[in-house]
Amino acid sequence: MNTTPTDHDVSQYAIRLKGHLESRWAAWFDGWSLTTHSDGTTTIVGAGDQAALHGLLRRVRDAGLVLVSVTQTNLDQPSCSGPPQQSPTTHPGD
């Protein structure tokens, strides 16, 4: 059995950004859900493969948004209303 992830494996991701984004940004992020937090951050949550994740991260970069973290979450977890439940995490500079 091959346990190596491929580009076609679908996972749920929580992308935390600095600043508050209005809900209208969801359309720009291909319908991924946005949640703003009292700490001055916004989390974008959605499911996709690695190609979709990289495309979304390019949009974050192109919009000049500050990336705080990217977290892969379980697909069966409810949408994020607070800090995401963390599994493997990637931070800029790691």
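- Here the shortest heavy-atom pairing between Thr41 and Arg16 reads OG1-NH1, 2.6 Å.
- Side-chain contact between Leu53 and Ile15 is present, with heavy atoms from C-beta onward closer than 4.5 Å.
- Trp28 and Trp25 have perpendicular rings, their planes meeting at more than 60° on a 0 to 90° scale where under 30° would count as parallel.
- Hydrophobic clustering (side-chain heavy atoms under 4.5 Å, transitive across Ile, Leu, Val, Met, Phe, Trp, Tyr) keeps Leu57 apart from Val66.
- Between Leu34 and Ala26, the shortest heavy-atom distance links the atoms CD1-N, 3.5 Å.
- Between Thr42 and Leu65, every side-chain heavy-atom pair lies at or beyond the 4.5 Å cut-off.
- The shortest distance between side-chain heavy atoms of Ile44 and Arg59 does not fall below 4.5 Å.
- Put simply, the side chain of His37 reaches to within 4.5 Å of the side chain of Thr43, judged on heavy atoms.
- Put simply, the side chain of Gln50 does not reach to within 4.5 Å of the side chain of Asp9, judged on heavy atoms.
- Rounding to the nearest 0.5 Å places CZ of Arg61 at 12.0 Å from CG of Leu67.
- Nearest heavy atom pair, residue His20 against residue Gly40, reads NE2-CA, 3.5 Å.
- Across all non-hydrogen atoms, the minimal contact from Val68 to Leu17 is CG2-C, 3.8 Å.
- Annotation for Tyr13 and Thr73: closest pair N-OG1, 4.2 Å, computed over non-hydrogen atoms.
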